[in-house]
Chemist: 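Shown below is the structure under consideration.
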Amino acid sequence: MVQKQIQTLSPMMIQSMEVLQMGTQDLLEYVEDLAQENPVLELEDNYEKGQEAFLDLKKKLDWLQNSDRQNHTYYRQDDEDWPMGEFGVVSDRETLCESLLSQILTAHLSPQVEQGAVFLSESLNRAGWLDEPLPVLARSAHLPVDVMEAALTAIQALDPPGVGARTLSECLCLQLLREGEPDAVALAICREHLESLSKNRYGLIAKKLGVTVPRVRAAEERIRQLNPRPGSGFAEAEAPAYITPDLLVVWQYDHFEVVISDPFLPRLSLSRYYTQELEAIGEKEVQSYLVNKVRQAKWAIHSIEQRQSTVLSCAKCIVEAQEGFFRHGPGHLVPMALADVAQTLGIHESTVSRALKDKYLQCDKGVYPMTYFFSRKLGHTEGEGPSTDRAKALLRQLIQQEDKRKPLSDQKLADRMAAQGCPLARRTVAKYREEMNLPGISGRKVYE
């Protein structure tokens, strides 16, 4: 016989950990399901109150955009529920397909061409382009290829200009051809020299077209005014999923304040009827059932309150450590790890990880996932050292300030970053540059 200790997790502890790592939407669904399953729980719908608070706050925010920070203090005195933050409002704008269909019906097309045009309008991607080859679409629509070609021509004649294009060159050319007198140089560049234009090879383009470099630059400015994604200005076919931030960071005149944002989360409470009548019930089976449900309800309420408290504590710790970011914006994050927050709060690192999972924070810089504020320290630098966020911001700044006729190589960028306290290897500079979608030296060079 051997005596030993074994640590096990009770179902309640497991439930508590699951609640901790739930996002706002998951928690809302969990609360609603729990209220339907457990008769002891009462669900107080907070939606109408949240709507009223949102509309009232929206008026304040609209006015506050043209006001100074001092007004936050006055709002705090007027409304204890300040601040809630702005949430996305789904608009009922027209989709690209709806716009095209309304134009097709008034275009007086033949029945087959109209059928093909309707099919093509439903096959366009989000940018308004046609991804699949026309013969494949013709087979899918059970129409001849020549009919589909006529339907595509009809689609490309509709608004917005450039819709129905199959390539970037075709999209830009369609927009230029809509003009009464299209720019001949810009049209030639869009047809044959887009790759050279993307590399700023103005001299080569001018030589091939027999024009001057200033004429090519003027054509480039005209091309930049075109829209390569003509369908982007329309509403999506499916309503976008808006993120409801769990926390709000607000400047309160002389400090940042973190607030839980849960105006639409229903409140859970114990039913007075069942708690008062519990002892009066004579049947033991019914009494035992209700006792278990009361215990489950109390633990669920406790788990949700504990979740809110843990998430709020973690957020306050993050805001305190990353105050530079909330004051000055991206590029000012300091190195921070989950272990730093865990040590400050006296909890386990896994608890911090669960508390930050699928949680979002809103501030005047935008909405960010909570994990965004954890930035690695660069290499083996002594002391606190710069973070990867700071390194990327410095890299972008150096590229923006370089002489475009003689852009800096990755090695020269690494040398200049090291001189400013951000030592990086050349391959790391190339990696960060690619992550930020910045071209290499050949793509940034401007040719005379």
Side-chain angles (χ1 to χ4, degrees), residues 195-202 224 249 256 314-344 349-350 352-353 355-448:
E195 184 177 353
S196 298
L197 185 66
S198 66
K199 297 179 180 179
N200 302 324
R201 306 191 69 175
Y202 305 117
R224 288 184 181 277
V249 177
F256 287 103
C314 292
K316 289 181 177 179
C317 186
I318 290 173
V319 172
E320 182 178 354
Q322 303 290 4
E323 185 173 345
F325 170 87
F326 294 99
R327 287 182 178 273
H328 308 293
H332 294 82
L333 288 179
V334 299
M336 186 172 67
L338 294 176
D340 299 329
V341 178
Q343 184 177 3
T344 302
E349 188 175 339
S350 62
V352 178
S353 177
L356 302 182
K357 184 178 182 294
D358 297 331
K359 311 296 190 304
Y360 292 85
L361 180 148
Q362 181 179 358
C363 61
D364 59 350
K365 306 296 185 296
V367 178
Y368 297 87
M370 298 285 285
T371 53
Y372 171 84
F373 301 99
F374 294 87
S375 185
R376 292 186 297 106
K377 179 181 175 183
L378 283 180
H380 302 285
T381 54
E382 297 181 359
E384 292 186 358
S387 65
T388 55
D389 179 72
R390 172 58 184 156
K392 289 182 178 180
L394 179 58
L395 176 59
R396 185 182 295 275
Q397 180 183 356
L398 290 174
I399 291 177
Q400 290 175 347
Q401 295 175 353
E402 70 183 357
D403 183 359
K404 299 304 178 183
R405 294 172 298 179
K406 296 180 180 179
L408 301 172
S409 65
D410 290 340
Q411 184 58 55
K412 290 182 179 179
L413 287 170
D415 295 339
R416 295 199 178 187
M417 292 182 69
Q420 297 191 33
C422 286
L424 288 179
R426 182 199 59 78
R427 60 181 180 274
T428 308
V429 171
K431 174 186 173 184
Y432 287 172
R433 179 176 53 74
E434 292 174 358
E435 288 178 355
M436 294 187 293
N437 296 320
L438 297 174
I441 184 172
S442 60
R444 304 196 310 271
K445 186 174 182 179
V446 176
Y447 294 85
E448 297 295 342

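Only heavy atoms go into these numbers, but all of them, side chains included; no hydrogens, no water, no symmetry mates.
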Chemist: Check side chain to side chain contact (heavy atoms under 4.5 Å, CB included) between D389 and all other residues, then give those that pass, not counting sequence neighbours.
Modeler: L333, Y372, S375, S387

Chemist: Grab the two heavy atoms, one from A391 and one from L424, that are nearest each other, plus how far apart they are.
Modeler: CB-CD1, 4.2 Å

Chemist: Using modelled atom types only, decide if a donor and an acceptor are shared between the side chain of Q322 and the backbone of V334 within a distance under 3.5 Å.
Modeler: yes

Chemist: Tell me if a side-chain donor or acceptor on K359 pairs with a main-chain N or O of A355 at a distance below 3.5 Å.
Modeler: yes

Chemist: Decide yes or no for L361 and F373: does some side-chain heavy atom of the first lie under 4.5 Å from some side-chain heavy atom of the second?
Modeler: yes

Chemist: How close do A393 and G331 get, heavy atom to heavy atom, and via which atoms?
Modeler: CB-CA, 3.5 Å

Chemist: Any side-chain heavy-atom pair from Q362 and V249 closer than 4.5 angstrom?
Modeler: no

Chemist: Hey, is the main chain of F325 close enough, under 3.5 Å, to the side chain of H328 for a donor-acceptor pair?
Modeler: no

Chemist: Specify the closest pair of heavy atoms between E402 and R444, including all atoms of both residues, with the distance to one decimal.
Modeler: OE2-NE, 2.6 Å

Chemist: Name the residue from L398, L394, L395 that meets the side-chain contact (heavy atoms from CB on, under 4.5 Å) definition with R416.
Modeler: L398

Chemist: Quick one: are L413 and I399 in side-chain contact, heavy atoms under 4.5 Å?
Modeler: yes

Chemist: Test your reading of the model: is there a side-chain donor-acceptor pair from K365 to the backbone of F326, 3.5 Å cut-off?
Modeler: yes

Chemist: Which atom pair, heavy atoms only, marks the closest approach of Y360 to M370?
Modeler: N-CG, 4.1 Å

Chemist: Can you give me every donor-acceptor pair (side chain of residues 336-344, partner residue at least two apart or in another chain, under 3.5 Å) with its distance?
Modeler:
residue : atom : partner : partner atom : Å
D340    : OD2  : A337    : N            : 2.9
T344    : OG1  : D340    : O            : 2.9

Chemist: Under a 4.5 Å cut-off applied to non-hydrogen side-chain atoms, are R327 and F256 in contact?
Modeler: yes

Chemist: Find out whether T388 and E435 are in side-chain contact, i.e. whether some heavy atom of one side chain is under 4.5 Å from a heavy atom of the other.
Modeler: no

Chemist: Is the closest side-chain heavy-atom distance between E320 and K316 below 4.5 Å?
Modeler: no

Chemist: Are more than 12 heavy atoms, taken from residues, nucleotides or ligands other than Q401, located less than 6.0 Å from that residue's CD atom?
Modeler: yes

Chemist: With rounding to the nearest 0.5 Å, note down the distance linking OH in Y368 to SG in C363.
Modeler: 5.5 Å

Chemist: Within a strict 4.5 Å, meaning less than it, do heavy atoms of the L356 and I318 side chains meet?
Modeler: yes

Chemist: Given side chains that start at C-beta, do those of S409 and Q411 come closer than 4.5 Å, heavy atoms only?
Modeler: yes

Chemist: Nearest 0.5 angstrom please: D410 CG to M417 CE, how far?
Modeler: 11.0 Å

